[in-house]
Amino acid sequence: MSAETTTPVPAPSDFIRDIVAADVAAKRYAKIVTRFPPEPNGYLHIGHAKSICLNFGIAREHSGHCNLRFDDTNPAKEDIEYVNSITHDVKWLVSGWADHCLGLKTKGATPALQTINGKADYYVPPVPQSKIENQESKIEAEPFFASAYFDALHAYAIELIKRGKAYVCDLSPEDTELYRGSPDKPGRNSPFRDRGVAENLDWFARMTAGEFPNATRSLRAKIDMASPNIWLRDPLLYRIRHTHHHQTGSKWCVYPLYDYAHCLSDYIEGITHSLCSLEFEVHRPLYDWILENLDLPRPLPKQYEFAKLRPSYMIVSKRKLLQLVNEGLVTGWDDPRMPTLSGLRRRGVPASAIRKLVHSVGVTKYESVTEIALLEHAIRDDLNKAAERRMAVLRPIKIVLTNIAPGDSIECEAVNNPQSDTPTTRKMNLTRDLFIESDDFAEVPPPKYFRLKPGGDVRLKYACIIHCDEVVKDASGAVVEIRCTADLTTRKGGPNSDRKVKGTIHWVSSSEAIDAEVRLYDRLFTVAEPDADGDFRRHFNPQSLETIGAKLEPALAHIGADAVVQFERLGYFTLDAIDSKSGALVFNRTITLRDNWAK
RNA sequence: UGCCCGAUGGUGUAAUGGUAGCACGAACGACUCUGACUCGUUCUGUCUAGGUUCGAGUCCUAGUCGGGCAGCCA
């Protein structure tokens, strides 16, 4: 029982896909290859989902592939925990949709040097999908890692030095900043800018050998200190960091910077379209400069930028999400209130609903805020078709059907999913004592109240119509039970089964009900843009979690661990993957049903 | 007061010089053994000013507003 739907949706169209389509038409590349390049320094969130869906979507639409590559060039901030969670999340999001496009490499593989037209060319091929799936000659595959290219990157750096395009600079970080100037004022050349090739080679070798402390020297591209683009003012390529790396251990003490590593990693993997968010727009000339100045033999990758996903009522910043975790505002990265993929998954949001959201949001260069309603609609739309229905009473109130004898049990047939083309059914037993939702009874009903009220009738779904005869209260005036008579002639197949009443409510037999903990979630923040004033914590919603004890129909004891079910008339719920135990079930509310009445 | 990018209803997005459309949302109504779903009706838009053109959301110029860039982060 899976919550995934497989309804085909037309391939989207946007400015990036137009570019790819034009490149395909012009036969510029043999195959379309994209990549999703997270830094393993946090969990993936819904913002990343946009990038994943875009990159895998394009690969899928052109029978190409999309490499999962860890951009792990800064060991100080990264951790193996994150590479594991990210790998898991990417596979989950793409599963059943673009699994076949996931580009992986042979475990342990590093780029091999080949010669094309007399030019040196590093390349690391992906593992063919057939080799991963083939049971006999199965190859162990893993994601790509920028750190697997450190040797190649280092060799390219030496090449840049030899071409007079890079130099070792002895300026301190502070002086480097001073020399860089400011956006409206040109920088000044470093005093070390004009060292000879041999000298640069020697210094770089000594940097690499670990002769110098952190940050005492750097390798810089020799471009233009007066450029109006800051990123062209002799940007750093390598820095000294005596730090253990989660993949390469203590092999290196010099680590490449993003701008240098990224374009070359793309090239080494044969990426054709390198898609990133808008803030890298000003880096694009540097991306191109590095590749062009190496005079590489194969077609170069091109970078294109698009606007990030910014959903309302959420924050999507790894740093700030980490803050929520560290400060204990949530239970962890996978707290069901978190906008992380692991949180959404635990909450019960299907991957297909996230893909649906991304599809409806589109891809542009306009930095918009996406209303959370769009996500909610995608989830409901997906789950309405996929989720089986069950009955659960969240806030029980006792009903006694006085004309049913104690111990009697009347079998009722309930439909599992009315949206299904071939609906199946299950049995539920109507007994003398029941629970209904306390909201479904009103002693003093408001106008146009359809549900149970003194002297009124209501239908118990899949059972029969009942009439409210008496409201029993305790000494304090609180309602303890409601005594009703059941009109068994209104059962399905009975002579009065067509009798109409305005309200139909859900119920469970009190003798058969099972108990469960139910966690009701609401948005994490109380305002649409929690970070607009710089302090998102001020807008934390203290009511974002409510835990209650509920009464469930017995069939709920047997649902699948990752199934999402609709509690009839209430919303969609799923078993909590961490805390739920057999015999002590814990349900998470994924989302409520739309409720026009409540408004 | 440097460089780069952007602007279409409340929100997101389409229209690639030729009827401003779709979705979400909201309001109302129909249907209903889920006040859900579905269906119907309604609502609201091309940032401003010039120019090119038979014709401009689209092209040009200027402006306005918003975002990004001065990590040895990515």
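In what follows, chains are A, B, ... by sequence order, proteins preceding strands, each numbered from 1.
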Next on the checklist: So, applying ring pair (Phe, Tyr, Trp, His ring centres under 6.0 Å) with A:F280, which one of A:Y287, A:Y258, A:W231 is it?
Outcome noted: A:Y258

Checklist entry - Aromatic rings A:Y43 and A:Y82: how do their planes relate, parallel, tilted or perpendicular, breaks at 30° and 60°? => result perpendicular

Please tabulate, one pair per line, each protein N/O and nucleotide N/O from nucleotides 35-38 of chain B that are separated by under 3.5 Å, including the distance.
| residue | atom | partner | partner atom | Å |
| --- | --- | --- | --- | --- |
| B:G35 | OP1 | A:R569 | NH1 | 2.5 |
| B:G35 | O2' | A:D595 | OD1 | 3.3 |
| B:G35 | N7 | A:R451 | NH1 | 3.0 |
| B:G35 | O6 | A:F450 | N | 2.8 |
| B:G35 | O6 | A:R451 | NH1 | 3.2 |
| B:G35 | N1 | A:K448 | O | 2.9 |
| B:G35 | N2 | A:K448 | O | 3.4 |
| B:A36 | OP1 | A:N596 | ND2 | 2.5 |
| B:C37 | OP1 | A:R594 | NE | 3.3 |
| B:C37 | O2' | A:N384 | ND2 | 3.1 |
| B:C37 | O2' | A:Q419 | NE2 | 3.3 |

Item to check | Presence of salt bridge, A:E437 and A:R569, under 4.0 angstrom | outcome: no

Item to check | B:G10: pairing nucleotide in any strand, Watson-Crick or G-U under 3.5 angstrom | outcome: B:C24

Checklist entry - Is A:E211 paired with A:R217 through a side-chain N to carboxylate O contact shorter than 4.0 Å? => result no

Checklist entry - How should the glycosidic conformation of B:G29 be described, syn or anti, under the criterion that syn lies within 90° of 0? => result anti

Item to check | Nucleotide paired to B:C31 in any strand shown, Watson-Crick or G-U, under 3.5 Å | outcome: none

Checklist entry - Tell me: NZ of A:K356 to P of B:C24, nearest whole Å? => result 12 Å

Item to check | Euclidean distance, atom CZ of residue A:R310 to atom C1' of B:G6 [Å, nearest integer] | outcome: 13 Å

Checklist outcome for this item: Applying the 3.5 Å cut-off to both distances, the Watson-Crick or G-U partner of B:U1 turns out to be none

Checklist outcome for this item: Answer for the Watson-Crick or wobble partner of B:G17, both distances under 3.5 Å, is none

Checklist entry - Between atom CG in A:L357 and atom C1' in B:U11, what is the gap in whole Å? => result 13 Å

Checklist entry - B:C47 P sits how many Å from A:Y366 OH, rounded? => result 10 Å

Checklist entry - When rounded to the nearest 0.5 angstrom, what distance separates NE2 in A:H262 from OG1 in A:T73? => result 10.0 Å

Checklist entry - B:U13 P sits how many Å from A:E367 CD, rounded? => result 11 Å

Checklist entry - With both distances kept under 3.5 Å, what pairs with B:C37, Watson-Crick or G-U wobble? => result none

Next on the checklist: Starting the side chain at C-beta, find the nucleotide from B:C33, B:G67, B:C5 nearest to A:E281.
Outcome noted: B:C5

Checklist entry - Between A:F15 (CZ) and B:U13 (C1'), how many Å, whole number? => result 13 Å

Checklist entry - What class does the angle between the rings of A:H245 and A:Y255 fall in, given that below 30° is parallel, 30 to 60° is tilted and above 60° is perpendicular? => result parallel

Next on the checklist: For the P atoms, the ones on B:A20 and on B:U32, what distance do you get once it is rounded to whole angstrom?
Outcome noted: 40 Å

Checklist entry - When the P atoms of B:G66 and B:U11 are considered, how many whole Å apart are they? => result 16 Å

Checklist entry - Using atom C1' of each nucleotide, how far apart are B:U44 and B:A23 to the nearest Å? => result 15 Å

Checklist entry - Which whole-number value in Å describes the distance from A:D14 CG to B:C22 C1'? => result 16 Å

Item to check | Inter-nucleotide P distance (B:G68, B:A62), Å rounded | outcome: 24 Å

Next on the checklist: Using a 4.0 Å heavy-atom cut-off, does A:V369 contact any base of the nucleic acid, only the sugar-phosphate backbone, or nothing at all?
Outcome noted: sugar-phosphate

Item to check | For B:G63, the Watson-Crick or wobble partner whose two distances fall under 3.5 Å | outcome: B:C47

Checklist outcome for this item: When rounded to whole Å, the CG to P distance for the pair A:L309 and B:U13 reads 10 Å

Checklist entry - How far does the C1' atom of B:G63 sit from the matching atom of B:C43, given to the nearest Å? => result 33 Å

Next on the checklist: I'd like to compare against my own output: the B/S/- annotation of nucleotides 69-74 of chain B with a strict under-4.0 Å heavy-atom distance to protein.
Outcome noted: SBSBSB

Item to check | Nucleotide opposite B:G71 in a Watson-Crick or G-U pair, distances under 3.5 Å | outcome: none

Next on the checklist: Could you identify the nucleotide paired to B:U58, looking across every strand shown and requiring Watson-Crick or G-U wobble geometry with both distances under 3.5 Å?
Outcome noted: none

Checklist entry - Taking only residues two or more places apart in sequence or in another chain, which ones pass salt bridge (Lys or Arg N to Asp or Glu O under 4.0 Å) with A:D23? => result A:R28

Item to check | Centroid-centroid distance, A:F192 to A:Y167, less than 6.0 Å | outcome: no

Checklist entry - Taking atom CG of A:D89 and atom OG1 of A:T340, what is their separation to the nearest 0.5 Å? => result 7.5 Å

Next on the checklist: So, OP1 or OP2 of B:U13: does either fall under 4.0 Å of a side-chain N or O from A:T364?
Outcome noted: yes

Next on the checklist: Please report the interatomic distance NZ(A:K318) to CG(A:L321), rounded to the nearest 0.5 Å.
Outcome noted: 10.0 Å

Next on the checklist: Ring centroids only, cut at 6.0 angstrom: are A:W203 and A:F212 within range, meaning strictly under it?
Outcome noted: yes

